[in-house]
Protein chains: 2
Amino acid sequence: MRGKSIEAAWRGQAECHACGVRETALFSALREADFALIHLPIDEIQFEPGAALYHVGDPGQAVFTVRTGLVKLVRYLADGSQRIVRLLRPGDTAGLEAVLGQEYEHTAIALRPTLTCRIPREVVNRLAEGTPRMHAQLMQRWQRSVQQADAWLTSLSTGGAKARVARLLLLLMDEGAATECELFGREDMGAMLGVTTETASRIVAEFRREGILTELGPNRYACDVAALGRIAGT
Amino acid sequence: MRGKSIEAAWRGQAECHACGVRETALFSALREADFALIHLPIDEIQFEPGAALYHVGDPGQAVFTVRTGLVKLVRYLADGSQRIVRLLRPGDTAGLEAVLGQEYEHTAIALRPTLTCRIPREVVNRLAEGTPRMHAQLMQRWQRSVQQADAWLTSLSTGGAKARVARLLLLLMDEGAATECELFGREDMGAMLGVTTETASRIVAEFRREGILTELGPNRYACDVAALGRIAGT
DNA sequence: CGTAGGTTTGATGGGCATCAAGGATAGTGG
DNA sequence: CCACTATCCTTGATGCCCATCAAACCTACG
């Protein structure tokens with residue numbers, strides 16, 4: 001096992017008032033007065049690639065807000081293989097089911113160095129009781145999860161393997177106007193797209209030969225967005 | 001176009017207090033006093049197979065509770081084909097995004113004769129403001145949608161076509177202890193499983209030859225649950 | 001330097017899409 | 001009442017795409 005890559009580090013107690021990503025995060029709707037309702041500590045936790053925020057079946061004690069990095073939500077299949085059902089990016093929320101007192105439905109694992117805020121479920125519940133704005137915020141988070149799940153199915157689990165890879169690349173780039181994107185292990189790619197590791201590898205190699213992808217560094221590529229769009233449409 | 005099969009019929013104004021499925025429906029958490037908060041009409045609407053509850057892109061004005069029948073949530077792809085992303089059964093809720101004032105994300109179409117309650121979004125909002133129990137209920141509905149979406153991906157879009165058909169059959173039977181299940185058009189089956197109409201047809205035919213399915217009537221089959229379980233595991 | 005984990009590439013075969021044609025069923029109109 | 005059509009389901013033939021098995025390569029690290 002790789003030592004440093006499966007670690008999580010406590011980074012201090014969060015100062016929500018001054019949070020740099022507050023406008024995109026779960027607490028974006030809160031006003032100054034609302035923070036008085038928070039009586040439990042909200043920790044900032046840093047996860048290295050491979051580290052788990054939580055595991056499927058764990059009692060859900062907290063919700064996580066992703067501030068930087070990338071997190072995969074994994075579900076394990078009967079035959080032991082895994083399927084990635086969603087990706088969480090800065091501003092997204094992991095483990096909402098904890099608010100309902102349920103067990104976690106997935107295993108959440110950081111794909112890149114990821115900074116999170118860990119918010120105990122009691123804090124969310126107290127805020128939800130006290131402020132209607134928090135309610136709305138929670139419902140929007142859930143709705144966003146549903147949207148992402150549906151989009152995942154229709155764009156990454158539909159059509160040929162090349163089209164899926166192309167759509168994944170476009171998805172990783174969107175909202176970053178840059179044509180640059182950072183990939184991850186081929187095994188993870190396969191688990192996202194419902195194809196084998198070899199197929200994922202072959203297609204990336206093919207895109208590189210065709211000049212659609214240009215390697216910039218380890219797993220960093222410049223993308224020909226137009227070409228990808230054409231392939232994604234297939 | 002077939003005349004009678006694309007109709008919706010108003011069946012009267014709902015009597016929520018006396019609703020037979022209230023314990024499983026959206027209003028299960030309401031107490032008698034809460035009903036005073038409802039000032040808009042809640043209609044009972046019956047949809048025949050093929051009729052749409054709403055279309056993707058329509059402004060979301062109401063939420064629908066499914067009381068009997070079966071509803072498919074469809075998303076249309078770039079190439080004009082369709083993908084079914086979820087099935088709603090009695091007790092499920094369609095169009096939750098309306099509560100947030102968003103447009104509908106799918107087209108919802110009845111697969112069987114389906115009785116629904118149409119609840120205007122203002123009613124839900126008013127109840128949500130007034131009663132915390134309604135809040136919890138809404139969040140649970142959303143969480144259920146996410147769960148179903150994830151399960152759909154991992155069980156109906158993963159593995160070989162035979163395994164997918166087997167899992168679909170098991171899913172249609174579960175919670176009905178009976179080994180009997182009602183199928184639908186092969187095209188819909190294909191759109192659920194991410195395979196072609198022909199493949200769906202072939203596999204059903206094969207299951208029948210092998211005695212795993214026995215035809216009882218038009219699209220009604222008795223299932224060998226054990227055998228299906230074995231195939232689903234593959 | 002040697003090993004381990006991951007990536008790439010090749011060879012092969014099977015599963016499923018595709019194209020095409022032949023039944024089955026129900027509804028329509030003469 | 002019976003052709004006649006439309007729609008859906010079924011079945012066949014063919015070929016491609018991708019899973020599978022296997023081996024070579026590459027990089028990091030002890």
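All values derive from a computational prediction rather than experimental measurement. Convention: sequence-line order gives letters A, B, ...; per-chain numbering from 1.
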Take atom [atom1] of [X] and atom [atom2] of [N], then tell me their distance rounded to the nearest Å.
| X | N | atom1 | atom2 | answer |
| --- | --- | --- | --- | --- |
| Asp79(B) | dT18(C) | CG | C1' | 14 Å |
| Glu198(B) | dC16(C) | CD | P | 13 Å |
| Met189(B) | dA17(C) | CE | C1' | 17 Å |
| Arg186(B) | dG23(C) | CZ | C1' | 15 Å |
| Asp188(B) | dT7(D) | CG | C1' | 14 Å |
| Glu187(B) | dT10(D) | CD | C1' | 15 Å |

OG1 of Thr114(B) to CD1 of Ile109(B), rounded to nearest 0.5 Å, is 11.5 Å
Roughly how far, to the nearest 0.5 Å, is CG of Leu111(A) from CD of Glu182(A)? 10.0 Å
Looking only at side-chain atoms of Thr196(B), point me to the closest of dA17(C), dT20(D), dT7(C). dA17(C)
Strictly below 4.0 Å, heavy-atom distances to any atom of DNA chain C: list the hits from residues 199-216 of chain B, or just say none. Thr199(B), Arg202(B)
Mind checking whether Val124(B) and Arg121(B) have side chains closer than 4.5 Å, heavy atoms only? no
Ion pair present between [X] and [Y], side-chain N to carboxylate O less than 4.0 angstrom?
| X | Y | answer |
| --- | --- | --- |
| Arg86(A) | Asp150(B) | yes |
| Glu198(A) | Arg186(A) | no |
| Arg67(B) | Glu44(B) | yes |

Could you check whether Gln140(B) and Gln102(A), counting side-chain N and O atoms only, form a donor-acceptor pair closer than 3.5 Å? no
Rounding to the nearest 10°, end axes of the helix from dC1(C)-dG30(D) to dA21(C)-dT10(D) built from five pairs each make an angle of 30°
Under the rule for ring pair (Phe, Tyr, Trp, His ring centres under 6.0 Å), what residues qualify as partners of Phe207(A), not counting sequence neighbours? none
